[in-house]
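The structure under discussion appears below in the form of structure tokens.
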Amino acid sequence: MMSTRSPILIAPSILSADFGRLAEDVEAAEEAGADWIHVDVMDGHFVPNITIGPGVTEAVRKATSLPVDVHLMIQNPERYVQAFVDAGAHRITVHQEVCPHLHRVLEGIREAGASPGVALNPSTPVESLSEVVQLVDLILVMTVNPGFGGQSFIETSPEKLRRLMALLEVRGDGHLPHIQVDGGVGPGTAPSVVRAGADVLVAGSALYKAPEGLARAMEKLRAAAGGARRVSA
Ligand code: DX5
Ligand code: ZN
């Protein structure tokens, strides 16, 4: 069995940024070494909160040269894919729970010119993705119930990540999407999710609300995450 390594990527969530100085907060994340910028879109239906749409996404896109990673926590996401691509989204992740025709939605994201991802709520089993794994570049395992920043990490998440990695390995076709985690991720929880297979860490409050400031918080998170995930293939 061969072992491969892929670098750990950090995607700050602008949900915890200061919206009054959003461009500066995005630039600060880039300067601090962020890999992607994570944009949380909520509709007040799929999740209880309402956040931002394509207009603010476009403002983020203009403030950075980093990939813009859009997490759609909305019903009927297929209706908005083109608008987010036009706004500059490089990656678009939709929730499995709102897509009865998930296969079609994921193909549509790629056809529209973005990199497709699929997200799972904490209560949604990894097996629900077995028929679409080959269509995605990223699987997002929610480590809180989506809707708000600053919630506590669900402690059983690493076990779920291990089940997902096992599912991907059993397929044996060599296709290994990014495994992203989102919610309650910080220096304390990063080691366990990386050990379990995650390679993209979304962090909002651990970065933007850190008393020591964003740059130092990024350093701490990166150090805690270690350099790479190790995957057997
Ligand atoms: C949760 C969002 C997250 C959130 C993470 O519904 O998808 O991206 O901003 O925030 P923290 O890191 O504070 O849990
Ligand atoms: Zn998110």
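Quantities reported herein were computed from a predicted structural model and do not represent experimental measurements. This chain uses plain numbering: 1 for the first residue, then up along the sequence. Only this structure's heavy atoms are used, side chains among them; waters, hydrogens and symmetry mates stay out. In listed order, ligands and their atoms are each counted from 1.
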Tell me which N, O or S atom of His38 sits nearest to the Zn ion (ligand 2).
NE2

With a cut-off of 3.5 Å and sequence neighbours excluded, list every side-chain donor-acceptor pair involving residues 186-196.
{"residue": "Thr189", "atom": "OG1", "partner": "Gly184", "partner atom": "O", "Å": "2.9"}
{"residue": "Thr189", "atom": "OG1", "partner": "Gly186", "partner atom": "N", "Å": "3.0"}
{"residue": "Thr189", "atom": "OG1", "partner": "Gly186", "partner atom": "O", "Å": "3.4"}
{"residue": "Ser192", "atom": "OG", "partner": "Thr189", "partner atom": "O", "Å": "2.9"}

Side chain of Asp182, backbone of Val202: donor and acceptor closer than 3.5 Å?
no

Under a 3.5 Å distance rule, please check whether Asp35 uses its side chain to pair with a backbone N or O of Ala11 as donor and acceptor.
no

Can you tell if the side chain of Ser115 reaches within under 4.5 Å of the side chain of Leu138, non-hydrogen atoms only?
no

Among the N, O or S atoms of Asp182, the one nearest the Zn ion (ligand 2):
OD2

Over all heavy atoms of both residues, which pair between Ala198 and Leu161 is shortest? Give the atoms and the distance, please.
CB-CD1, 4.4 Å

Should the pair Glu219-Arg216 be classified as a salt bridge under the 4.0 Å nitrogen-to-oxygen rule?
yes

Any salt bridge between Lys220 and Glu212, counting N to O under 4.0 Å?
yes

For the Zn ion (ligand 2): the N/O/S atom of His71 at shortest distance:
ND1

In Asp40, what N, O or S atom is nearest to the Zn ion (ligand 2), if we give its atom name?
OD1

How would you list, by chain and number, the residues with a heavy atom under 4.0 angstrom from ligand 1?
Ser13, Leu15, His38, Asp40, Met42, His71, Met73, Met142, Pro146, Gly147, Phe148, Gly149, Gly150, Asp182, Gly183, Gly184, Val202, Ala203, Gly204, Ser205

What class does the angle between the rings of His38 and His71 fall in, given that below 30° is parallel, 30 to 60° is tilted and above 60° is perpendicular?
tilted

